Undergrad: 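After the structure tokens below, expect a handful of questions from me.
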2 protein chains.
Amino acid sequence: MTQTESAAKTGSRTDIREENERRILAAAEQVFAERGFGGATMQLIADKAGLPKANLHYYLSSKEVLYRRVVERIFNIWLEAADSFETSATPERALSRYIARKMQMSRDYRFGSKVWANEVMQGAPIIQDYLEVTLRDWTETRIAVIRRWIDAGLIRPVEPRWLLYMIWATTQHYADFAHQIETLNGGHPLSDAQWQDATETVCGIILRGIGLEPPAPEAAGRDRAEGAP
Amino acid sequence: MTQTESAAKTGSRTDIREENERRILAAAEQVFAERGFGGATMQLIADKAGLPKANLHYYLSSKEVLYRRVVERIFNIWLEAADSFETSATPERALSRYIARKMQMSRDYRFGSKVWANEVMQGAPIIQDYLEVTLRDWTETRIAVIRRWIDAGLIRPVEPRWLLYMIWATTQHYADFAHQIETLNGGHPLSDAQWQDATETVCGIILRGIGLEPPAPEAAGRDRAEGAP
DNA sequence: ATCATTCTTGACTGATTGGTCAACTCTGGT
DNA sequence: ACCAGAGTTGACCAATCAGTCAAGAATGAT
């Protein structure tokens, strides 16, 4: 039916495949986020993607494969953001940029964050190897950096682990508990100004908490998506 | 009824009912925490409780009723802990006690915390009224208290909402993401000393972050369950 | 000992699930 | 015009699900 012409300008086959996979993955991310792996149904994902259920299995062989694809995509996005923790910058700059970036991610990828939370809460049956290798390596290098800051007397002596967990927890909270936050906000999503204020507050408390003076908010550009890679 | 006599260790019927309901609720809390509502099965809960599945339906009429009971129990536990935010105390004392109590709760009720997180992530289909009434009221009163602290110049001027969310996020993270934390801890659960250090670090960063000097760790008694109400 | 009541449980049911399949349409190349 | 291969889809299947039920076991009161 009209399915084919909904693709981009060029009607190439690979475009159809890419477009449909994109739609399926987007729908799946949302449904997995809201219901967890076990609670999600292929029918629900199909409906949300606007495709018949059999079509899902044509592109993604099984529910588990689909879930794995979703989780891997999220982990890659997380990895990109993790780069904004510049190990060569000053503590103020490295931490404030990282926190701001993670807050922005909670706003832009709230479904992905929830899927990640769900996966970890269930004991990470799918992504345990990511945790043990990639995440652990990333964490260890940042811990080393923070420890060097401490040794240089740049920040107060705190166990770097707890500091990192605090940043993760606080920023991801705005995605995972978005519904609770909205309810306590009178049922309305946070406005642009509220997001910016929350980001500055979180950044300010954490930086001051370890003995730093937070830098002036960076250009205030809230919709300046992100800088170069 | 004949309930006049105080419930002793007699093998009375009500004892059997209470004991079985307790076992079912405990098993259900764990399974709902690990799989979410949709992913949990009555068979799994029955196996974990050591009872035949039909027995579950004898005590609790449906899966949804069972889930509701679990969630309500968790909310009540949360409410008790919320009392440790003493509105009459100094900011240092009110906040440090509240944070310590919430950290302890993350350790003692990790399943409950996960069920709560799951429920909120799914849009709080069951407990929306709790969010809108009880939680909102509690939050508003604490926000008012924090605002008074600010007006009195006791703490730095920060939006109280973001401060509360930060405390919730950070403390609950230790329950909801316990698996990730364990993995990054070499596969071992946090030791008593690590829990205490994490608590003090979280407390220290947040208090210093709003311009307070954290009080000396309270008696360091890590297994001194909790004081009176 | 009798008996009403509570508790136990294997066997069952209708509904829903993930996944399959064969018949079908559409597309670009020739 | 024709065709090979990509994309589409309703109908179907075995497995699993929440929930039911009736027959029986256990218990306290008399």
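All of these numbers come straight from a predicted model, not from anything done at the bench. Below, chains carry the letters A, B, ... as their sequence lines are ordered, and counting in each starts from 1.
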Undergrad: Going by the side-chain contact (heavy atoms from CB on, under 4.5 Å) test, name the single residue among A/T201, A/T170, A/L184 that passes it with B/Y165.
TA: A/L184
Undergrad: Would you say the rings of A/F75 and A/W138 are close, in the sense that their centroids are separated by under 6.0 Å?
TA: no
Undergrad: Are A/W168 and A/F85, when compared by the centres of their aromatic rings, separated by less than 6.0 Å?
TA: no
Undergrad: To the nearest angstrom, how far is A/R35 atom CZ from C/dT17 atom C1'?
TA: 13 Å
Undergrad: Can you measure A/Q43 atom CD to C/dT17 atom P for me and round it to whole angstrom units?
TA: 8 Å
Undergrad: Check whether any side-chain N or O of B/N20 sits under 4.0 Å from OP1 or OP2 of C/dT6, and answer yes or no.
TA: no
Undergrad: Compare the minimum distances between each of C/dG18, D/dG19, D/dT9 and the side chain of B/H57, then state the nucleotide with the smallest one.
TA: D/dG19
Undergrad: A/Y58 has an atom OH; how far is it from atom P of C/dC21, in whole Å?
TA: 15 Å
Undergrad: Using every non-hydrogen atom in the two residues, find where A/A46 and A/K53 come nearest and quote the distance to one decimal.
TA: CB-CA, 3.7 Å
Undergrad: For the residue pair A/D192 and A/Q196, confirm or rule out a side-chain donor-acceptor distance under 3.5 Å.
TA: no
Undergrad: Using distance alone, with no hydrogens and no angle criterion, decide if A/E119 and A/Y67 have a side-chain donor and acceptor under 3.5 Å apart.
TA: yes
Undergrad: When the distance from CD1 of B/I16 to P of D/dT27 is rounded to whole Å, what number comes out?
TA: 7 Å
Undergrad: For A/F37 and A/A54, take the nucleotide of DNA chain C holding the closest heavy atom to each; which residue's nucleotide lies nearer the 5' end?
TA: A/F37
Undergrad: In terms of the nearest nucleotide of DNA chain D, which residue is placed more toward the 5' end: B/K63 or A/L56?
TA: A/L56
Undergrad: Mind running a 4.0 Å heavy-atom check of residues 26-34 of chain B against DNA chain D and sending the residues that fall below it, in number order?
TA: none
Undergrad: Round to the nearest Å and state the distance from B/N55 atom CG to D/dA26 atom C1'.
TA: 13 Å
Undergrad: What is the distance, rounded to the nearest whole Å, between atom CG of A/D15 and atom C1' of C/dC26?
TA: 16 Å
Undergrad: Measure from CG on A/D47 to C1' on D/dG10 and round the result to the nearest Å.
TA: 14 Å
Undergrad: Does a side-chain N or O of B/R17 approach OP1 or OP2 of C/dT6 to a distance below 4.0 Å, or not?
TA: no
Undergrad: Ring centres under 6.0 Å, that's the criterion: do A/W78 and A/Y109 meet it?
TA: no
Undergrad: Expressed as a whole number of angstroms, how long is the span from B/E19:CD to D/dT27:C1'?
TA: 17 Å
Undergrad: Of the listed nucleotides (D/dT9, D/dG19, D/dG7), which one gets closest to any side-chain atom of A/Y59?
TA: D/dG7
Undergrad: Heavy atoms only, 4.0 Å cut-off, all strands: where does B/A40 land among base, sugar-phosphate and nothing?
TA: sugar-phosphate
